[in-house]
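The structure appears below as structure tokens.
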Amino acid sequence: MVELLLIGIGTGNPDHITREGIAAIRAADLILIPRKGAGKSDLAGLRERIITDATDAPPQIAYFDIPARRAEDGYLKGVDEWHDAIALRWQAAMEDHPDTARVALLIWGDPSLYDSSLRIAARLDPQPKVRVIPGITALQALTAAHGIPVNALGAPFLVTTGRRLRDEGWPPAVDTAAVMLDGECSFRALDMSDYHIWWGAYVGMEEQILVAGPLAEVADQIVETRARARTDHGWIMDIYLLKKRGN
């Protein structure tokens, strides 16, 4: 049985990978690296750098192209079909290397938080033995960069997505929400006078950008900064924490 290693690598800083993650890279016979198009080639390059830094004798690397995601039949169905398509790419890459016992993927952040690698792995046939190596999440990197706790004393917080914030508004019964996967600056759908925001892009990386302040005062700055950074780099990964003011 093939062992599939899902290795959390943090937010792009090679120093974020744990000693357990380094050991897993060294133990792998094959590492699969996704390609997301020419404009995002440095994402593959960062994975290659992590692999090179982790071992003097890098394992074999196989590249696969990420299929396009369709949304004609709705968001959830589109994501489900997209995961099916990615699983087929993983399967084909593994079948091209039939003698490998340990296959690894380097997962941005951590495989447990708003990442679909475990769901994609569950689609593989035959099923590999899956091992998860945890990584630093974007939320951890964001709060560390701003030097803030994620929650108030004894209080809960919610991790959600930009889509849900736009569609459903502020979540009930919480004063703090971390928002991920937001390509549309969905905080603009809120009554901005009620919130404070801590925003970060490329958190933990050399390119890191941070903005914090009352949402009404910094929202336009974040929108403009985000658009400019995406143009400059060809891609962007960002996350933000919102707190109701006065809490």
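Using a 4.0 Å cut-off between charged side-chain N and carboxylate O, Asp65 and Arg35 make a salt bridge.
Put simply, the side chain of Ile50 reaches to within 4.5 Å of the side chain of Pro14, judged on heavy atoms. With contacts defined as side-chain heavy-atom distances shorter than 4.5 Å, the pair Arg47/Pro34 qualifies. Considering only heavy atoms from C-beta on, Leu215 comes within 4.5 Å of Phe187 through its side chain. At a threshold of 4.5 Å between non-hydrogen side-chain atoms, the residues Lys243 and Trp198 count as touching. Counting heavy atoms from C-beta on, the side chains of His146 and Leu210 come closer than 4.5 Å. Ser117 places none of its side-chain heavy atoms less than 4.5 Å from the side chain of Ile120. Looking at Glu20 and Pro134, their side chains come closer than 4.5 Å, going by heavy atoms from C-beta outward. Pro126 places a side-chain heavy atom less than 4.5 Å from the side chain of Gln91.
Surrounding CZ of Arg163 are more than 12 heavy atoms belonging to other residues, nucleotides or ligands, all under 6.0 Å away. Counted within 6.0 Å of CZ on Arg89, heavy atoms from surrounding residues, nucleotides or ligands total more than 12; the atom is thus considered enclosed.
Ring pair Tyr195/Trp170: centre-to-centre distance below 6.0 Å. When ring centroids are compared, Trp108 and Tyr114 stay outside the 6.0 Å threshold.
Val159 and Leu142 fall within a single hydrophobic cluster, where Ile, Leu, Val, Met, Phe, Trp and Tyr side chains are chained together by heavy-atom contacts under 4.5 Å. The hydrophobic cluster containing Ile86 also contains Leu124, counting ILVMFWY residues as joined when their side-chain heavy atoms lie under 4.5 angstrom apart, directly or transitively. Hydrophobic cluster membership differs between Leu6 and Ile25, with clusters built from Ile, Leu, Val, Met, Phe, Trp and Tyr side chains linked at under 4.5 angstrom.
With respect to Asp80, the salt bridge (charged side-chain N to carboxylate O under 4.0 Å, His left out) criterion is satisfied by exactly one of Arg69, Arg119, Arg123: Arg123.
Residue Ile31 holds its CD1 atom at 8.5 Å from CG of Leu105, rounded to the nearest 0.5 Å. Atom NZ of Lys244 and atom OG1 of Thr176 lie 10.0 Å apart (nearest 0.5 Å).
Between Trp90 and Phe64, the ring planes are perpendicular. Angles over 60° get that label, and only those under 30° would be called parallel.
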When you look at Gln208 and Asn13, which way does the side-chain contact (heavy atoms from CB on, under 4.5 Å) test go after all the steps? CA-CA 10 Å; Gln208 176 176 280; Asn13 183 339; over 6 Å; no

